[in-house]
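What follows is a short report on a single structure.
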Amino acid sequence: MSLRFYNTMTRSLEEFKPIKPDEVRMYTCGPTVYAPAHVGNYRAYMFEDILRRYLIYKGYRVTQVMNLTDIDDKTIRDSNAKGITLNEHTQPIKDMFFEDIDRLNIQRAEYYPAATEHIGEMVAMVEKLLERGHAYRSGDSIYYKISSFPNYGSLSHMKIEDLMAGARIDSDEYEKETASDFALWKGWTEKDGAVFWETSLGKGRPGWHIECSAMSMKYLGEQFDIHTGGVDNIFPHHENEIAQSEGVTGDKFVNYWLHNAHLILDSKKMAKSEGNFITVKELTEQGHDPLAIRFVLLSTHYRQQLNFTMDGLGAAKAAITRLRDFKSNVESASGSGDGIAVNEAIEKAVRGFEEGLDNDLNISPSVAAVFDFVRDINSIIADNGLSASEKESVLENLKKFDSVLGVIFVDESGLDAEIEEMIQKRLNARKNKDFQTADEIRDALLSKGIILEDTPTGTKWKRKIS
RNA sequence: GGCGGCUUAGCCAAGUGGUAAGGCGGAGGUCUGCAAAACCUCUAUUCUCCGGUUCGAAUCCGGAAGCCGCCUCCA
C-alpha cells in the first residue's frame with residue numbers, strides 16, 4: 001500500500017507523491033520561545049517526529065526545517081518585563097527545548113532557523129509583496145491586503161465575511177484598511193523597547209507570519225512537500241503564510257498540509273494561557289521516564305484529541321516495559337527455533353505495521369502489530385527457542401519498528417561496581433540456599449531501581465521504568 | 001453566529017456495510033526456592049440515545065444529547 005496523508009487543504013486522504021521522487025522537504029512548525037514548552041506542545045513535535053521517522057523508514061531522504069520563533073509580542077513583553085535583552089530571554093528557553101527534544105528521543109531536524117536571524121529575508125519578502133500590490137503601508141507599519149489574494153481562506157475553508165465580527169480583533173494602535181488584514185511589518189512603538197531593526201522598511205520588527213514564509217522558502221525552496229503544525233495554526237497562521245508565499249511567487253506553496261489535534265488536560269486544551277499545563281521537565285523530575293511520555297504522545301493518532309492522564313502514563317510505562325522485556329527475551333533466547341513460524345510472524349508484523357502508518361500515520365494498528373509480534377515470537381521462544389539466525393532477523397525487524405517508535409532500543413548505562421558486587425553476592429547466597437539473604441539483596445537493588453529476574457540462562461537485570 | 005472534530009469494556013484505543021484489533025488493568029492456570037518475566041485461558045451478544053435505509057449497520061441517512069477545538073500573533 002502506498003503512503004496516504006489527510007490534507008487539510010482538500011480535507012481528504014491523498015496519496016503522497018513528493019516533488020522529487022526520493023526526497024521529502026518539510027516545514028514543521030516549532031516553538032515560540034517565550035516560555036518553556038509543555039507536554040501539549042510536544043504532541044505536535046512528536047507527531048512531526050513520527051512523520052519524519054516514518055518517511056525515513058519508507059526510504060525517503062528527508063530535509064526538515066523547524067522554526068524557532070524568538071520574536072513576537074510575548075517574547076518582547078516578557079524580556080522587557082524582566083529588563084533583559086530579547087536574546088537573554090529566549091536563549092535559555094531554546095536550550096530547554098533541545099533538552100526536552102533529547103529526553104523524548106525526538107530526532108533533530110536538519111535546520112532550526114531562528115526568526116531573529118532571518119530579518120533580511122523577511123524584509124525582502126515584504127518588499128516584493130509591496131511591489132506586487134499585496135501589501136500597503138499604514139503609518140510605520142505594513143499590512144497584507146487580503147482582498148488582493150482571491151484564494152484567501154482556502155486552507156481553513158472559511159469566508160472572511162463569515163468570521164464573527166469583532167470576535168477577537170485587536171483594538172490595536174495600528175491602522176488597517178480592513179480588520180482582517182494582518183501585519184507584515186510592525187513599526188517601532190515604545191513598548192518594543194530596545195527590540196527593533198533599522199531596515200529599508202523602516203525601524204521596527206517583523207509580523208508573526210512572515211518568518212515562516214521566509215525561512216521555509218529559504219531552506220526548502222519556493223515549493224515544497226509538507227507543512228505541519230497544530231490545528232490552531234490553520235487559521236490564521238498558515239492561511240497567512242500561503243497568502244504571503246504565493247503572493248510573492250505566484251505559484252503553489254505547499255502540496256500537503258498536515259495538522260495535529262490538541263492534547264487535553266482536565267477536559268481543556270493544555271495551554272499556557274489556560275494555566276493547565278505540565279512540562280516534560282516537571283514530569284521527569286517527578287521520576288517519570290520521558291520515554292513513557294513519548295509513548296503516550298505517539299500512541300494515539302495525531303488527528304485525534306488526546307486526553308493526558310497519569311493513568312495513561314502508567315499504562316505507557318507498562319507497555320514499553322513489555323517491549324523491552326521482549327527484546328531482552330529474544331537476545332537471551334537459544335534453541336532450534338521454527339523457521340517457518342518465525343518468518344510468518346515477521347511478515348505479518350511488517351504488513352500490519354506498515355498498513356497502519358501508511359494510512360495517514362494511523363499508528364494504533366501499527367503498535368498493535370508490534371504487540372502481536374511480541375506474543376507470536378515469545379510463544380515460539382517458549383516452545384522451541386530461537387536459532388541464531390532467527391534471533392538476528394527478529395531483532396533486526398524489532399529495530400526497524402523502533403526506528404519509528406523510538407522507545408525500545410535505548411542506551412542503558414552499565415552497572416556500578418557496587419551493584420555488580422551485590423548481584424554476585426546474591427548468586428552465592430542462592431547457591432547456598434540462603435534465600436533470605438538473596439531476597440534482601442534483591443529488595444535492596446529494587447529500591448535502587450534495578451529489577452532482577454532469575455531465568456534458566458542466569459540472572460538478568462533491568463532498570464525499572466518509572 | 002460561522003467552520004471543524006469527538007462519543008466503542010474499569011481506563012486508553014483500532015475498526016467507515018459482513019458480525020467488535022491492540023495496550024493497560026483484572027481473574028484463573030503452567031513454570032519458579034519465592035518472585036519477576038514468559039506462555040495458556042477468560043475479561044464488550046455490543047459501539048451515547050431515538051428513528052430510518054439494508055438480507056445485514058459501531059460503520060450509511062435523519063434527529064437528539066453531551067464534550068472539545070478554531071474564528072487575527074496558541075502546537
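Proteins come first, then strands; the chains are lettered A, B, ... in the order of their sequence lines, and each starts at number 1.
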Would you measure the distance from the [atom1] atom in [N] across to the matching atom in [M] and give it in whole Å?
N: B:U48; M: B:C74; atom1: P; result: 36 Å
N: B:U54; M: B:C68; atom1: P; result: 38 Å
N: B:G5; M: B:G62; atom1: P; result: 13 Å
N: B:U8; M: B:C47; atom1: P; result: 11 Å
N: B:G22; M: B:C42; atom1: P; result: 11 Å
N: B:G10; M: B:G25; atom1: C1'; result: 8 Å
N: B:G17; M: B:C40; atom1: P; result: 32 Å
N: B:C3; M: B:G15; atom1: C1'; result: 28 Å

Worksheet item: Stacking check: are the rings of A:Phe435 and B:G33 less than 5.5 Å apart at their centres and under 30 degrees in tilt?
Response: yes
Taking the side chain of [X] as its heavy atoms from C-beta onward, which of [options] lies nearest to it?
X: A:Ala382; options: B:A75, B:C39, B:A21; result: B:C39
X: A:Arg430; options: B:C68, B:A14, B:G33; result: B:G33
X: A:Lys269; options: B:A36, B:C74, B:G33; result: B:C74
X: A:Asp372; options: B:G22, B:A75, B:C39; result: B:G22
X: A:Gln305; options: B:C24, B:G69, B:U72; result: B:G69
X: A:Ala318; options: B:A75, B:G25, B:G22; result: B:G25
X: A:Met270; options: B:A75, B:A14, B:G69; result: B:A75
X: A:Ile451; options: B:C74, B:A36, B:C39; result: B:A36

Worksheet item: Are the side chains of A:Phe308 and A:Asn276 in touch, meaning some heavy atoms are under 4.5 Å apart?
Response: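 No. Closest side-chain heavy atoms not under 4.5 Å.
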Contact class for [X] (heavy atom, under 4.0 Å): base, sugar-phosphate, or nothing?
X: A:Asn329; answer: sugar-phosphate
X: A:Thr69; answer: nothing
X: A:Ala315; answer: sugar-phosphate
X: A:Leu452; answer: base
X: A:Thr300; answer: sugar-phosphate
X: A:Lys268; answer: sugar-phosphate
X: A:Tyr42; answer: nothing
X: A:Gly40; answer: base
X: A:Ile264; answer: sugar-phosphate
X: A:Asp325; answer: sugar-phosphate
X: A:His301; answer: sugar-phosphate
X: A:Asp439; answer: base

Can the positive tip of [X] be found less than 6.0 Å from the middle of the six-membered ring of [Y], inside 45° of the ring normal?
X: A:Lys348; Y: A:Phe373; value: no
X: A:Lys272; Y: A:Tyr34; value: yes
X: A:Arg303; Y: A:Tyr6; value: yes

Fill in: Earlier contact from the 5' end, RNA chain B, for A:Asp232 and A:Asn378
A:Asn378
Practice prompt. Assign each of A:Ser156 and A:Leu306 to its nearest nucleotide of RNA chain B by heavy atoms, then name whichever residue's nucleotide is nearer the 5' end.
Written response: A:Ser156
Please determine whether a side-chain nitrogen or oxygen atom of [X] lies at a distance below 4.0 Å from atom OP1 or OP2 of [N].
X: A:Thr309; N: B:C12; result: no
X: A:Asn233; N: B:C74; result: no
X: A:Lys74; N: B:C74; result: yes
X: A:Arg11; N: B:G4; result: yes
X: A:Arg322; N: B:A38; result: yes
X: A:Lys272; N: B:A75; result: yes

Mark yes or no for whether [X], through its side chain, and [Y], through its backbone, hold a donor-acceptor pair below 3.5 Å.
X: A:Gln305; Y: A:His262; result: no
X: A:Glu239; Y: A:Ile234; result: no
X: A:Asn67; Y: A:Gly30; result: yes

Discussion item. If the test is ring-ring contact (aromatic ring centres under 6.0 Å, His included), which one of A:Tyr27, A:Tyr152, A:Trp257 qualifies with A:His238?
Written reply: A:Trp257
Whole-Å distance separating the [atom1] atom of [X] from the [atom2] atom of [N]:
X: A:Ile441; N: B:A35; atom1: CD1; atom2: P; answer: 19 Å
X: A:Glu453; N: B:A38; atom1: CD; atom2: P; answer: 8 Å
X: A:His157; N: B:G69; atom1: NE2; atom2: C1'; answer: 16 Å
X: A:Leu155; N: B:C3; atom1: CG; atom2: P; answer: 17 Å
X: A:Lys460; N: B:A36; atom1: NZ; atom2: P; answer: 15 Å
X: A:Gln304; N: B:U7; atom1: CD; atom2: C1'; answer: 10 Å
X: A:Arg375; N: B:U41; atom1: CZ; atom2: C1'; answer: 11 Å
X: A:Asp454; N: B:C34; atom1: CG; atom2: C1'; answer: 9 Å

Discussion item. Against A:Asp49, only a single residue in A:Arg294, A:Gln107, A:Gln64, A:Arg108 fulfils side-chain hydrogen bond (donor to acceptor under 3.5 Å, both in side chains); can you say which?
Written reply: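 With A:Asp49 as partner, A:Arg294, A:Gln107, A:Gln64, A:Arg108 yield a single side-chain hydrogen bond (donor to acceptor under 3.5 Å, both in side chains), made by A:Arg294.
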